[in-house]
Amino acid sequence: MNRLVVMKFGGTSVEDATAILRTASIVAGRVRKGSQPVVVVSAMAKVTDLLISAATTAARGDRAGALGITERLRIRHRDTAAQLASAAPAHPETDGASGQGAIAATHAWIDAEFDSLDEILRGLAAVGELTPRISDMVVSWGERLSSRMIAEAFAGAGLSAIHVDARQCIVTDAQHGRAIPQDGAIEQRLRQHVLPHLGIGLVPVMGGFIGATEQGVTTTLGRGGSDFTAALVGGGIDAGAIEIWTDVNGIMTADPRVCPDALRVKTISFEEAAELAYFGAKVLHPATILPAVKKNIPVFVLNSRNPENGGTRITALAAHCRSPFKSIAVKKRLTIMDVVASRMLLSHGYLRAIFEVFDRHQCPVDMVSTSEVSVSLSVDSNEKLPVIAADLSKLADVKYEGRKALVCMVGENIRGQNGIAARVFQAIRHVNVRMISQGASEINMSFMIEEDDAEEAVRSLHAEFFSDPDPAIFDVEAVRQNASK
Ligand code: ADP
Ligand code: ASP
Ligand code: MG
């Protein structure tokens, strides 16, 4: 039996000392049951956002503002480390009964880390230009700090844990901000830096999200990228399972923050989960699934605040389900671009010319719909849009409008079922639908609406499709228990 398991804990699962100790006990539980975990951790909750704002603040020339942010982060990490060290049973031979020695040593390395970070921010304030390379460098501190601190906390909690610098293992290209991992090199580095620890019964703990080029320059895998790291490590060491531990009971039928009635989906296929992630379900990073699919490794999404809960199992094939959809995702902050070209009507090469503009600006397009003279495209709202519109206006008339949301309904069972579109649009009949797409993947039906209508639309769709859930797929027990409370 394959006992290797990659356990990834997200920002909220390591947000403070209490959460980190909870994480330690979850990992210890797995070890007791005979698993060999490799642990991947995110930065503590909100730290990545704060590091990004420290970097942009510094680049604006506001040195004091940037250093103020890192000072607060320094205090938060020092305080958490102190709480963790005092929670650990003392080792009289090494530190004296109080554990003060351990706290001082931890504070010393945390201070050294923040001193070097501040050094970079001072340089950034002087130069006034934030390159993607420096941005990756600055944000990497989140996972560098959390992983080392958590490895120490695990050791304090009695686990034989060892810190591994993710940058030694996750080899990527040099596309800063969204670097592409190099599978072959990663596998080889994992054999070198992770497998030997497992061989002698240690629990490696590494940061997610960060990597480095072959030359050792720090890179990142894109926001939410710790899930991706978990899948890369799982694929690279041929793990028996990958567990994504987060702050909800699993993949739900909708974002529970938007729809409080959301139900846990007990099993979902790789394809459905990938579609959901791509279309905005933040619970999993869009690229996570691929390395696991390639090797047929089961992925579980579990709740670190409720570890006994069964979570969601992501499987190769979709289980049969009575309802057409498994879940509803929403992607906000989108813009619709309408390109209207009476001049170039039906001319061949026209669509290519349009897409080349998006390609040149490295701007991915989510949805497309065409008519005889016009093409509508939806893209993430970003600062390049005016330049893209200017380039497109050489080909055609261009209009664009922001504050749009894409609602995406996902399920294997929409293939070949009649009347589903009618039910969907009946449920949201009061909402102005701007673009519709069905069929690109056969498992999703999506449409674009005003951002302000998104939450209401999700709740109406949820009521329409999940009021009589199939107990084989959805956690209806939880609904009954809540109702009887
Ligand atoms: P982590 O820090 O553990 O990576 P994230 O914040 O990235 O956690 O993802 C978990 C969050 O994803 C949940 O708190 C939830 O609000 C959101 N979410 C969005 N869509 C879904 C969904 N369909 N199922 C579960 N959670 C979802
Ligand atoms: N800390 C990174 C982020 O906030 C990566 C992650 O948590 O997955 O985007
Ligand atoms: Mg995440």
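The figures here come from the full heavy-atom set of this structure, side chains too, leaving out hydrogens, waters and symmetry mates. All ligand and atom numbering here is 1-based and tracks the order in the structure.
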**OP:** Could you tell me whether Lys46 atom NZ has more than 12 heavy atoms of other residues or ligands within 6.0 Å of it?
**Re:** no
Original post:
Taking His77 for the side chain and Leu73 for the main chain, is one N or O donor matched with an acceptor at less than 3.5 Å?
Top reply: yes
Original post:
Can an N or O of Thr253 be found at a distance shorter than 3.5 Å from an N or O of ligand 1?
Top reply: no
Subject >> Best match, Asp255, Leu263, Val458: closest heavy atom to atom 20 (N) of ligand 1 >> reply: Asp255
**OP:** Would you tell me which option among Met44, Met252, Glu15, Lys326 has the nearest heavy-atom contact to atom 24 (N) of ligand 1?
**Re:** Met252
Original post:
Measuring from the heavy atoms of Glu143, does anything fall under 4.0 Å of ligand 2?
Top reply: yes
**OP:** Could you tell me whether the side chain of Ser269 and the main chain of Leu317 form a donor-acceptor pair under 3.5 Å?
**Re:** no
Subject >> Minimum-distance pair of heavy atoms, taken over all atoms of Asp380 and Leu385 >> reply: O-CD1, 4.3 Å
Original post:
Can you tell me if Ser146 uses its side chain to pair, donor with acceptor, with the backbone of Ser42 under 3.5 Å?
Top reply: yes
**OP:** Check Val283 against ligand 1 and report side chain, backbone, both or neither, counting heavy atoms closer than 4.0 Å.
**Re:** both
Original post:
Hey, which atoms in ligand 2 end up nearer than 4.0 Å to a heavy atom of Ser42?
Top reply: 6 (C), 7 (O), 8 (O)
**OP:** Name the closest protein heavy atom to atom 8 (O) of ligand 1, giving the residue it belongs to and the distance to 0.1 Å.
**Re:** Thr246 OG1, 3.2 Å
Original post:
Which atom pair, heavy atoms only, marks the closest approach of Ala230 to Val6?
Top reply: O-CG1, 3.7 Å
Original post:
Can you tell me if Ser135 uses its side chain to pair, donor with acceptor, with the backbone of Ala55 under 3.5 Å?
Top reply: no
Subject >> Ligand-residue contact atoms, ligand 2 with Thr48, heavy atoms, under 4.0 Å >> reply: 1 (N), 2 (C), 3 (C), 4 (O)
Subject >> Proximity to ligand 1 by part of Pro256, non-hydrogen separation under 4.0 Å >> reply: side chain
Original post:
What is the nearest protein non-hydrogen atom to atom 6 (C) of ligand 2, stated with its residue, atom name and distance?
Top reply: Ser226 OG, 3.3 Å
Subject >> Interfacing atoms of ligand 1 (cut-off 4.0 Å, heavy-atom, Ile251) >> reply: 24 (N)
Subject >> Any Gly142 heavy atom less than 4.0 Å to ligand 2 >> reply: no
Subject >> Charged N-O contact under 4.0 Å between Arg305 and Glu15 >> reply: yes
Subject >> Test item, Gly208 contacting ligand 2 (heavy atom, 4.0 angstrom) >> reply: no
**OP:** State whether the shortest distance between N or O atoms of Gly222 and N or O atoms of ligand 2 falls below 3.5 angstrom.
**Re:** no
**OP:** Considering heavy atoms of the protein only, find what lies nearest to atom 2 (O) of ligand 1 and give residue, atom and distance to 0.1 Å.
**Re:** Gly11 N, 3.1 Å
Original post:
So is Asp227 polar-close to ligand 1, meaning N/O to N/O under 3.5 Å?
Top reply: no
Original post:
Does an N or O from Ser13, backbone or side chain, lie closer than 3.5 Å to an N or O of ligand 1?
Top reply: no
Subject >> Geometric cation-pi criterion Lys331 and Tyr278, 6.0 Å radius, 45° cone >> reply: yes
**OP:** Describe, in one word, how the ring planes of His285 and Phe228 are oriented to each other, choosing from parallel (under 30°), tilted (30 to 60°) and perpendicular (over 60°).
**Re:** parallel
Subject >> N/O donor-acceptor pair under 3.5 Å between Arg333 side chain and Ser381 backbone >> reply: no
Original post:
Donor-acceptor pair, Ser327 side chain versus Thr253 backbone, under 3.5 Å?
Top reply: yes
Subject >> Residue, atom name and distance, where the atom is the protein heavy atom closest to atom 13 (C) of ligand 1 >> reply: Asp247 OD1, 3.5 Å
Original post:
Do side-chain atoms of Asp136 reach the backbone of Thr220 as a donor and acceptor pair under 3.5 angstrom?
Top reply: yes
Subject >> Option set Ser327, Gly208, Ala281, Gly250, criterion heavy-atom distance to atom 25 (C) of ligand 1, minimum >> reply: Gly250
Subject >> Heavy-atom nearest option to atom 6 (O) of ligand 1, drawn from Lys282, Lys8, His285, Lys46 >> reply: Lys282
**OP:** Considering the heavy atoms of Arg223, write down every atom of ligand 2 situated less than 4.0 Å from one of them.
**Re:** 3 (C), 4 (O), 9 (O)
